Number of protein chains: 2
Amino acid sequence: MEPTAKLSKKRISESTIHRLSLYYRTLSLLEKENYETVSSKELAKREKLTPAQVRKDLSFFGTFGTRGLGYPVIELKKQIASILGIDRQWRVALVGVGNIGSALVSYKEFSRQDFHIVKLFDNDQRKIGSNHKGIVISDIKNLETELPEAKIEIVIVAVPATVAQYIVDDVVKAGIKAILNFAPVNLKVPDDVYVRNENMSMELEYLSFAMVNEHPKKKVK
Amino acid sequence: MEPTAKLSKKRISESTIHRLSLYYRTLSLLEKENYETVSSKELAKREKLTPAQVRKDLSFFGTFGTRGLGYPVIELKKQIASILGIDRQWRVALVGVGNIGSALVSYKEFSRQDFHIVKLFDNDQRKIGSNHKGIVISDIKNLETELPEAKIEIVIVAVPATVAQYIVDDVVKAGIKAILNFAPVNLKVPDDVYVRNENMSMELEYLSFAMVNEHPKKKVK
DNA sequence: ATTATTTTGTGAAGGTTTTCACATAAACAA
DNA sequence: TTGTTTATGTGAAAACCTTCACAAAATAAT
Ligand SMILES: NC(=O)c1ccc[n+]([C@@H]2O[C@H](COP(=O)([O-])OP(=O)(O)OC[C@H]3O[C@@H](n4cnc5c(N)ncnc54)[C@H](O)[C@@H]3O)[C@@H](O)[C@H]2O)c1
Ligand SMILES: NC(=O)c1ccc[n+]([C@@H]2O[C@H](COP(=O)([O-])OP(=O)(O)OC[C@H]3O[C@@H](n4cnc5c(N)ncnc54)[C@H](O)[C@@H]3O)[C@@H](O)[C@H]2O)c1
């Protein structure tokens, strides 16, 4: 059966995309464990999902498996990489080289996954010009000129919440269409700009809610 | 109309809880801006949601508004805090005082929201015993005894992925029921333990997918 | 070969979440 | 007062997402 690239009009749900990320990570692991093929059942078990969910998710994008056998690990991993758009390098800039910013620069998972932080910006004179993990920190004043020059496609925002919107306004002016935001604010951006928020308080608050209310988990088969 | 605390059997969706966190943050902002009341319309606008969504979310927990007027900002904030269980202090420990761990210890939003990191653990002899932001780093060997001693209720896991499961096994043995995990692995825990994962690659991959596929956003009114 | 077994891919069913739409109630204006 | 406006709270409808269940296809066993 040939893997087919469906170019369907149907909107794919956010959950499906997130699960593709999980499948990708698990397939990498399976590859290391020398699995040649994997069934939807096994994949589901590892992700605490149902096999039907796994098959349905994949079916939105094509047919990748062999009946009676399962999915070829290496090939499926490649296909998911292609679907997610991580079969290429993304040039990433980070604004705000503080506590969390510095941590992210050192985060090996990003570079392993072809997200390369190649530019850093800050407004602190003590930081500007200094070399941080092999990257010279640029002055935030030069954001609008240097982002296009460096062919940046994704910007990570790690500045204080009070200035995040101003920074993002400039980031958008520079033509950037994708932003990963760590500041605890709702950013306003034009319709054609994608923003994802990392909100750690939200997850802690979920834990808090769950404990206080003995919130039942979704049943898992 | 009296605010009523519904003790319903119905499972509240994860999305609703996450939105409560957003409402809470926005209400804090509205309080600072000296709003006395706020309508579901205004709240929705700030969160990029529909007014109906806001009202429905709140209605699961009681009736907090006044028809013709809206919701009293301070009172609603209190009510949401009570629902989320953040009207009290949570004692938090963090394991793995590395790049991301250190950043989290410095994260003021946590302490402002009554999540207090009061204990740090690591296995690096150079770090153990040293004072980090006013907390002496403990030896990971003492995890099982010191977690109960310090009355810890939530543990943040910020150790390398390869050891995360072992750490979590010990954390669970120590009786902890809530874990915030930063390691990129699917942790196995008993049914009565809540785990939330912070997966930053997932969000970057979502951005990647969205850009490559020109993924339409959900329509927003 | 033939049969039993495995496992995919997918319509349809079932379940959950969001949105609609309106009765209801409070506030405000005249 | 009375009427007009505003805005909640909520069943019902619509949209969306997950699971079911089974035909189809491939493998493995006899
Ligand atoms: N520390 C954490 O663990 C953590 C976790 C989640 C989210 N956040 C959020 O991430 C952001 C940064 O947090 P942090 O703890 O790293 O703070 P930080 O103060 O350590 O870092 C902020 C950095 O941004 C720089 N900066 C300030 N204004 C700037 C401007 N106008 N232009 C460019 N750079 C500017 C500062 O010089 C500093 O280097 C905050 O919004 C915070 O709420 C932090
Ligand atoms: N750096 C980031 O921005 C980032 C972002 C998201 C997730 N993560 C994840 O968070 C984890 C930590 O990442 P990091 O960049 O901070 O790494 P790091 O190496 O800087 O920190 C890891 C810390 O854990 C300690 N440690 C190692 N083994 C331990 C053990 N058995 N018991 C106790 N402590 C132990 C180390 O001494 C070190 O202090 C990793 O799983 C990583 O994938 C990191």
Side-chain angles (χ1 to χ4, degrees), chain A residues 1-6 8-20 22-23 35-45 47-73 75-76 79 215-221, chain B residues 1-6 8-20 22-23 30 35-73 75-76 79 215-221:
Chain A
M1 210 179 294
E2 278 298 292
T4 50
K6 257 183 216 170
S8 104
K9 276 278 100 75
K10 201 180 169 307
R11 188 181 188 278
I12 304 292
S13 80
E14 182 172 318
S15 315
T16 291
I17 306 308
H18 279 170
R19 283 190 298 265
L20 287 186
L22 293 179
Y23 303 153
Y35 279 67
E36 299 227 320
T37 58
V38 64
S39 64
S40 59
K41 195 173 162 191
E42 170 71 14
L43 216 38
K45 203 185 98 197
E47 315 292 356
K48 298 207 191 84
L49 302 168
T50 63
Q53 179 79 83
V54 173
R55 295 200 299 277
K56 182 60 95 178
D57 282 338
L58 295 174
S59 79
F60 294 135
F61 302 98
T63 66
F64 306 110
T66 305
R67 289 166 193 228
L69 191 60
Y71 299 92
V73 170
E75 176 60 22
L76 182 59
Q79 294 282 346
H215 198 228
K217 300 184 186 180
K218 277 194 182 172
K219 73 164 188 294
V220 172
K221 296 283 161 62
Chain B
M1 211 178 292
E2 277 299 291
T4 51
K6 257 184 216 171
S8 104
K9 279 276 102 73
K10 201 179 173 301
R11 191 183 184 275
I12 303 295
S13 80
E14 181 170 321
S15 316
T16 291
I17 306 309
H18 279 171
R19 283 191 298 267
L20 287 186
L22 294 180
Y23 304 154
L30 288 165
Y35 279 68
E36 298 228 320
T37 59
V38 63
S39 63
S40 59
K41 196 174 163 192
E42 170 70 15
L43 217 37
K45 204 185 100 200
R46 299 206 177 207
E47 314 295 355
K48 300 207 190 84
L49 302 168
T50 63
Q53 179 81 81
V54 173
R55 294 200 299 276
K56 182 63 94 179
D57 282 339
L58 295 175
S59 79
F60 294 135
F61 302 98
T63 67
F64 307 110
T66 306
R67 290 168 193 222
L69 191 62
Y71 300 92
V73 170
E75 176 58 23
L76 182 59
Q79 293 283 345
H215 197 229
K217 301 184 188 181
K218 278 196 181 170
K219 73 164 188 298
V220 172
K221 295 289 162 57

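Please read these numbers as outputs of a predicted model, since none were measured by experiment. Every chain is numbered from 1, with letters handed out A, B, ... down the list of sequences.
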B:T66 has a side chain; which of D:dT10, D:dT18, C:dA26 sits nearest to it?
C:dA26

Gap between atoms CD and P, on A:Q79 and C:dG9 respectively (whole Å)
12 Å

Protein-nucleotide distance (A:F61, atom CZ; C:dG9, atom P), rounded to Å
14 Å

With sequence neighbours excluded, residues passing side chain to side chain contact (heavy atoms under 4.5 Å, CB included) with A:P72
A:E75

Rounded to whole angstrom units, what separation is found between the CZ atom of B:F60 and the C1' atom of C:dT18?
9 Å

Who are the side chain to side chain contact (heavy atoms under 4.5 Å, CB included) partners of A:E14, not counting sequence neighbours?
A:H18, A:R196, B:Y206

Between P on D:dT18 and NZ on A:K48, what's the gap in Å once rounded to a whole number?
17 Å

Just the rounded figure in Å: distance from P of D:dG9 to CG of B:L43.
12 Å

Within the pair B:Y71 and C:dA26, is there a side-chain N or O less than 4.0 Å away from OP1 or OP2?
no

Per nearest nucleotide of DNA chain D, the residue lying toward the 5' end, A:S13 or B:G70, is B:G70

Tell me whether the side-chain N/O atoms of A:R55 come closer than 4.0 Å to OP1 or OP2 in C:dT8.
yes

Using only heavy-atom distances, decide whether a donor-acceptor pair under 3.5 angstrom links the side-chain of A:R67 to the base of C:dT7.
no

Taking side chain to side chain contact (heavy atoms under 4.5 Å, CB included) as the test, write out the residues that go with A:K45, two or more places apart.
A:E42

Could you tell me whether the side chain of A:Y71 reaches within less than 4.5 Å of the side chain of A:S40, counting heavy atoms only?
yes

Check the distance between D:dC17's P and A:R11's CZ and give it to me in whole angstrom.
7 Å

Side chain to side chain contact (heavy atoms under 4.5 Å, CB included) with A:S13: which residues, sequence neighbours excluded?
A:S15, A:T16

Taken to the nearest whole Å, CG/B:D57 to C1'/C:dT17 is 10 Å

With a 4.5 Å heavy-atom cut-off, do B:I12 and A:H215 have their side chains touching?
yes

Counting C-beta onward and ignoring hydrogens, is there a side-chain heavy-atom pair between B:L58 and B:L76 closer than 4.5 Å?
yes

Can you list the residues that meet the salt bridge (charged side-chain N to carboxylate O under 4.0 Å, His left out) rule with A:R19, with sequence neighbours excluded?
A:D57

OP1 or OP2 of D:dT18 less than 4.0 angstrom from a side-chain nitrogen or oxygen of A:T50, does that happen here?
no

Rounded to whole Å, please give me the gap between NZ in A:K41 and P in D:dT19.
16 Å

Would you mind telling me which residue lines up with the more 5' stretch of DNA chain C, B:T16 or A:S40, judged by nearest nucleotide?
A:S40

Is any side-chain nitrogen or oxygen of A:S39 closer than 4.0 Å to OP1 or OP2 of C:dT7?
no

Counting the atoms with a prime plus P, OP1 and OP2 as sugar-phosphate, which does A:K56 contact under 4.0 Å by heavy atoms, base, sugar-phosphate, or nothing?
base

Are there any protein N/O atoms within less than 3.5 Å of an N/O atom in nucleotides 28-30 of chain C, and if so, which ones and at what distance?
none

A:G68 or A:R19, whichever maps to the more 5' nucleotide of DNA chain D
A:R19

